[in-house]
There are 2 protein chains.
Amino acid sequence: MAGAGRVAGVVPQGAGQPVVVRALSLLGQFTEQRRALNLSELSRLAGLAPATTLRLARHLTEWGALEKLEDGRYVVGVRLWEIASLSPRGHGVRQIALPYLEDLYEVTRHHVLLAVREGSDAVLIDRLSSRTATEVAYRVGGRLPLRTTAVGQVLLAHAGPELQAEVFAQPGGAEPGSGSMPAKDLRAALAGVKHSGAAVVRRTHPSRTVSVAAPVHGADGDVVAALSIVVPDAATPAHELVPLVRAAARAISRNLGHQAKASGAWRHPPSTPSAVSGTP
Amino acid sequence: MAGAGRVAGVVPQGAGQPVVVRALSLLGQFTEQRRALNLSELSRLAGLAPATTLRLARHLTEWGALEKLEDGRYVVGVRLWEIASLSPRGHGVRQIALPYLEDLYEVTRHHVLLAVREGSDAVLIDRLSSRTATEVAYRVGGRLPLRTTAVGQVLLAHAGPELQAEVFAQPGGAEPGSGSMPAKDLRAALAGVKHSGAAVVRRTHPSRTVSVAAPVHGADGDVVAALSIVVPDAATPAHELVPLVRAAARAISRNLGHQAKASGAWRHPPSTPSAVSGTP
DNA sequence: AAGTGACTTTTCACTGAGTGAAAAGTACGA
DNA sequence: TCGTACTTTTCACTCAGTGAAAAGTCACTT
């Protein structure tokens with residue numbers, strides 16, 4: 001593959017990456033702000049030749065990963081959404097956690113968040129919010145920074161040292177309204193998070209809020225997700241929320257098979273379809 | 001690409017399909033029952049050589065479409081889930097419809113479903129259910145038949161004639177508890193659905209239920225989704241539910257930009273980020 | 001009607017990315 | 001120690017994928 005057109009001796013290929021990755025990178029160009037892209041946008045953003053982009057986009061469309069609108073633009077397809085709903089760390093934890101999130105929400109009537117780690121970010125898996133609660137910055141499916149959010153700090157505190165080092169090395173601190181925390185302070189904060197079993201983060205933007213997050217453990221003891229509640233500052237003091245959030249997080253962990261005679265839970269659905277698989 | 005190993009003149013490749021599609025077909029092997037697959041299962045199910053499967057699975061993993069567990073098995077990754085959450089017909093309609101689904105649920109306390117069409121099936125986009133409501137057969141992200149479900153009949157009634165023909169040609173009728181409807185009766189039923197603006201379907205399995213579904217229209221007038229309520233038989237008579245469901249469906253349609261001076265809605269997020277994009 | 005600019009799609013000669021049989025490595029149980 | 005099943009590496013072969021260029025399409029402008 002990869003030719004130089006008609007003239008010989010020209011630059012061969014677009015990238016050193018395999019076709020499959022290049023095709024997937026097209027999917028990666030879609031964002032919250034850019035939910036529909038035309039061919040030239042896709043081509044430009046992904047850095048691929050138009051002809052190549054067209055062919056790949058067609059293959060993706062053929063399978064259902066993309067859909068083509070009548071105006072020629074492409075959007076992410078339902079088929080992809082369908083497959084993605086099988087993601088254990090996506091809809092999987094969500095299904096198990098949902099009832100507990102609802103309990104927490106019913107009791108407090110504030111925002112309740114569930115997030116998992118993906119690379120050096122957190123991804124928001126679910127959010128319950130009343131229309132009257134304070135404004136929140138993040139949407140389901142969106143990414144959150146690890147440094148400046150409560151869920152992020154919980155996930156970071158329990159992550160491997162390599163990841164922590166990577167995050168510390170990042171520029172960071174640019175998040176508005178959270179006060180750019182010096183690297184040393186953050187390291188200390190993470191230690192505190194690990195000991196206390198909860199992270200407390202204050203923000204001033206987009207509104208004055210306090211977030212309290214706690215870790216959710218999987219069957220093997222790893223931290224697989226973080227649960228958090230976001231309340232307006234000056235509401236219930238944080239130290240009263242900590243036990244509430246920790247208790248809910250523990251309940252979810254137990255349902256995931258944590259410390260429960262290694263029942264397998266969502267890590268072994270074929271043998272024990274008890275936990276994740278069912279329709280509640 | 002595609003070689004015959006060392007010996008010359010042997011069958012060349014695994015399939016006539018492009019690499020990208022073959023890679024995506026690996027994703028397609030994951031189902032509700034099989035959320036984690038090892039290499040040989042993937043290889044066998046997809047009909048690809050082990051070496052090829054390994055390479056493709058690695059590429060998918062590299063990008064995040066798959067994740068590899070410590071036991072060597074693969075699962076669908078959060079990155080894919082993240083991208084899929086940008087699907088206008090997936091999370092897109094869901095976001096807009098959710099408040100109305102909630103209203104319907106609050107008022108009736110029965111199952112509320114939202115589904116879109118994907119190929120010759122319906123895909124369940126969202127479901128609200130109390131723990132006390134009747135049993136339902138389907139899960140979010142799962143597929144529903146078009147012939148035998150209320151949402152399916154709504155989607156089918158408003159689909160193009162080619163699709164209708166295709167569905168009529170299928171074996172069908174094998175769904176338990178819905179009474180295999182003769183093709184002619186179904187065709188008549190669909191006409192009724194189109195006129196009355198609602199589909200009513202009775203089931204006896206897994207429990208005795210009545211479903212009432214109504215169409216949701218997009219900005220351009222097409223039916224983009226179907227909304228339905230599922231109540232135990234002998235509860236509120238169906239004819240009383242029809243106006244309720246239709247009203248909710250119309251409210252959602254309006255929010256999608258239906259008949260509202262072609263505001264664009266979710267089909268044109270870049271220009272008018274009003275509807276789908278926001279975090280409610 | 002003819003011209004302009006931007007986008008999509010087709011064409012085609014070239015070649016290295018992808019292929020899969022076979023072999024080697026790994027893990028587990030008898 | 002041997003046997004079985006799965007994962008991973010190797011490697012000679014070649015065709016699927018590539019992208020520059022050209023052609024087609026569409027919406028505006030003059």
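Chain naming here is simple, since letters A, B, ... match the order of the sequence lines and numbering starts at 1 in each.
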Legend entry - Pairwise distance CZ(Arg58(A)) to CD(Glu62(A)) - rounded to 0.5 angstrom: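 Spacing of CZ (Arg58(A)) from CD (Glu62(A)) equals 10.5 Å.
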Legend entry - Thr53(A) side, atom OG1; Leu37(A) side, atom CG - distance, nearest 0.5 Å: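 So the OG1 of Thr53(A) and the CG of Leu37(A) are separated by 11.5 Å.
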Nearest-Å distance, [atom1] ([X]) to [atom2] ([N])?
| X | N | atom1 | atom2 | value |
| --- | --- | --- | --- | --- |
| Leu66(B) | dT7(D) | CG | C1' | 16 Å |
| Tyr74(B) | dC6(D) | OH | P | 15 Å |
| Leu48(B) | dC6(D) | CG | C1' | 17 Å |
| Leu39(B) | dT7(D) | CG | P | 5 Å |
| Leu45(B) | dC6(D) | CG | P | 12 Å |
| Arg22(B) | dA16(D) | CZ | P | 9 Å |
| Gln17(A) | dT18(D) | CD | C1' | 16 Å |

Legend entry - For Arg117(A), all residues meeting salt bridge (charged side-chain N to carboxylate O under 4.0 Å, His left out), sequence neighbours excluded: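 Salt bridge (charged side-chain N to carboxylate O under 4.0 Å, His left out) list for Arg117(A), sorted by chain: empty.
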Legend entry - Toward the 5' end of DNA chain C, by each residue's nearest nucleotide, Arg44(A) or Ala49(B):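 So the residue in question is Arg44(A).
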Below 4.0 angstrom from OP1 or OP2 of [N], is there any side-chain N or O of [X]?
| X | N | value |
| --- | --- | --- |
| Lys68(B) | dT8(D) | yes |
| Arg73(B) | dC6(D) | no |
| Ser40(B) | dT7(D) | yes |

For [X], side chain to side chain contact (heavy atoms under 4.5 Å, CB included) partners two or more places apart:
| X | result |
| --- | --- |
| Asp121(A) | Arg143(A) |
| Ser120(B) | Leu163(B), Glu166(B), Val167(B), Gln170(B) |
| Arg250(B) | none |

Inset, instruction - Could you point out which residue of Leu114(B), Val216(B), Asn255(B), Leu227(B) forms a side-chain contact (heavy atoms from CB on, under 4.5 Å) with Tyr100(B)? - result: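 It is Asn255(B), the one option of Leu114(B), Val216(B), Asn255(B), Leu227(B) that forms the side-chain contact (heavy atoms from CB on, under 4.5 Å) with Tyr100(B).
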Provide a list of protein-nucleic acid N or O atom pairs under 3.5 angstrom, restricted to nucleotides 25-30 of chain C.
none

Legend entry - Flag side-chain contact, heavy atom, 4.5 Å: Gln153(B) against Leu190(B):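 Yes - at least one pair of side-chain heavy atoms lies under 4.5 Å apart.
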Inset, instruction - Answer yes when Glu82(B) and Arg79(B) have at least one side-chain N-carboxylate O distance shorter than 4.0 Å, and no when they do not. - result: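 A salt bridge links Glu82(B) with Arg79(B).
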Legend entry - Nucleic acid contacts of residues 50-60 of chain A, taken as heavy-atom distances under 4.0 Å to DNA chain C: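 Per residue number, the list reads Ala51(A), Leu54(A), Arg58(A).
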